[in-house]
2 protein chains.
Amino acid sequence: MVMRKAPRLEKSDWERAAVEALAKGGVTAVAVEPLAAQLEVTKGSFYWHFSDREALIAAALARWEREETIEAMALLSRISDPRQRMTQVLRSGFVGRLGGSVDAALLADAADPIVAPVLQRVTAARLRYTTTAFRALGFRGRAASQRALITYAAYVGHFALQRAAPRLLPRGTAAASYVEHVVATLLARP
Amino acid sequence: MVMRKAPRLEKSDWERAAVEALAKGGVTAVAVEPLAAQLEVTKGSFYWHFSDREALIAAALARWEREETIEAMALLSRISDPRQRMTQVLRSGFVGRLGGSVDAALLADAADPIVAPVLQRVTAARLRYTTTAFRALGFRGRAASQRALITYAAYVGHFALQRAAPRLLPRGTAAASYVEHVVATLLARP
DNA sequence: GTTGATCCATACGCTACCGTATGGTCATGC
DNA sequence: GCATGACCATACGGTAGCGTATGGATCAAC
């Protein structure tokens, strides 16, 4: 039986694994030796690619921030109708089982000096975008930013609930009905 | 100089400290030796009061669950008008700077087998209560539970945002205006 | 004032993880 | 075919935290 030797790793392999770990257990889970075991190498490999653990965490955060932005843009840019777009986002909010798990995990580490600025940037960008979306829907002045804040809070809250008590969230046809209700409620004119 | 000897600790002292740690850093922060140092004793004290670290975590979670319930009841029972009550809760949601920090921290540890059932119970109870509140406001059938879910998700989301980017939340007079907008939006008839 | 229970300190071994030092392997250029 | 650099394993010392063992200390009761 011919065992093909495992190919060597590159920096990005470590980064990908780190992002995964980030989603599962936050910054604490980005641990060198466990990740090495998972990648079936030793930390000898790691310390060749990175200076130390902190560098990996920073790289993972940067990678997540970039991917998250790209992904969001890809999802949103193909839908022109603002209302449809909002529906789609909210739907992905809690139908997508894995979506936002990095978000949720990072919140616990918000006090971490490496995490804080990333979280700040991502949150600010999303809020800006949402506010713009509400302006496009005809909301004016404070109403746009305020409604955007409610909406984004609810969006984030669904991620939290999905972790805390997934059984309490609607599923199947009830989920579809719920999304409609959410959209109707949050897009209703003041 | 007369140094009054520090009084001895009881179980509840450890529990209180553990709840605090829980709020700051989640389950990971409930560590025996650091807590002992903070309480200015050694772990010799701890292992007299508790069998092991897990017992402390369980006790802290139980204590939080109990206090959280009592506190919520105390806050809500003195307000009879449903609308006023909802306003008060949402106001405390992000004006109270420290409120819900255990919530936020626990979400990251939702996968933990000790944490999961507690989180499940607390979430379920709050959602039940909120649904009842919407019924009292005239919402019927699905509308009540659906609106309750949005509301609670937004409520939780504000805790998250407060951690992720407190600077992006309205403050002062803007906060008051925002709460009104939230109440108007979420209590609007379908 | 001795005894017994309560509460805590000290000292120890164990594990997990970080970071370093050093040498080994493998491909590639020449 | 060998030299160089890229990539990785092994082995080591260091720290933090868990849990145990054991011996004080303190106080109440009698």
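Throughout, protein chains are lettered first and strands after them, A, B, ... in sequence-line order, and every chain is numbered starting at 1.
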Practice item. Output every pair passing side chain to side chain donor-acceptor pair (under 3.5 Å) with a member in residues 51-61 of chain A, not counting sequence neighbours, ordered by first then second residue. Key: none

Point to revise | side chain to side chain contact (heavy atoms under 4.5 Å, CB included) between B:Leu56 and B:Leu35, worked out | key: CA-CA 11 Å; B:Leu56 177 61; B:Leu35 282 182; 3.9 Å; yes

Practice item. Verify side chain to side chain contact (heavy atoms under 4.5 Å, CB included) between A:Val32 and A:Phe50, making sure each step is shown before the conclusion. Key: CA-CA 10 Å; A:Val32 177; A:Phe50 295 89; over 6 Å; no

Exercise for review: Go through C:dC8, D:dC18, C:dC18 for me and flag the one nearest to the B:Ala31 side chain.
Suggested key: D:dC18

Exercise for review: In whole angstrom, give the distance that lies between atom CD of A:Gln38 and atom C1' of C:dC17.
Suggested key: 16 Å

Study note, to complete from the structure: Checking C:dC8, D:dT20, D:dC8 against the side chain of B:Tyr47 (C-beta onward), the nearest is D:dT20

Review point. What's the CG-C1' distance between A:Asp52 and C:dC17, to the nearest Å?
Key: 14 Å

Revision key, fill the gap. note: A:Phe50, atom CZ; D:dC7, atom P; distance rounded to Å ~ 12 Å

Check your understanding: To the nearest 0.5 Å, how far apart are CZ in A:Arg63 and CD in A:Glu68?
Key -> 14.0 Å

Point to revise | d(CD, A:Glu10; C1', D:dC7) in whole Å | key: 12 Å

Practice item. Measure the distance from CG on B:Leu56 to P on D:dC18 and round it to the nearest whole Å. Key: 10 Å

Practice item. By nearest nucleotide on DNA chain C, pick out whichever of A:Gly44 and A:Pro34 is the more 5' one. Key: A:Pro34

Point to revise | Nucleotide of D:dC8, C:dC8, C:dC18 approaching A:Val32 most closely (side-chain heavy atoms) | key: C:dC18

Study note, to complete from the structure: Whichever of B:Phe46 and A:Val41 has the more 5' nearest nucleotide on DNA chain D, that residue is A:Val41

Check your understanding: Nearest to the side chain of B:Trp48, which nucleotide is it out of C:dA9, C:dT6, C:dC18?
Key -> C:dT6

Revision key, fill the gap. note: B:Glu54, atom CD; D:dG17, atom P; distance rounded to Å ~ 19 Å

Point to revise | Which nucleotide in D:dC8, D:dC18, C:dC8 has an atom nearest any side-chain atom of B:Arg53 | key: D:dC18

Point to revise | Distance, rounded to the nearest Å, where B:Glu33 contributes CD and D:dT20 contributes P | key: 13 Å

Revision key, fill the gap. Closest heavy-atom pair, B:Trp14 versus B:Thr42, reported as atoms and distance to 0.1 Å, is CZ2-O, 4.4 Å

Practice item. Give a yes/no on whether any side-chain N or O of B:His49 is located under 4.0 angstrom from OP1 or OP2 of C:dC8. Key: yes

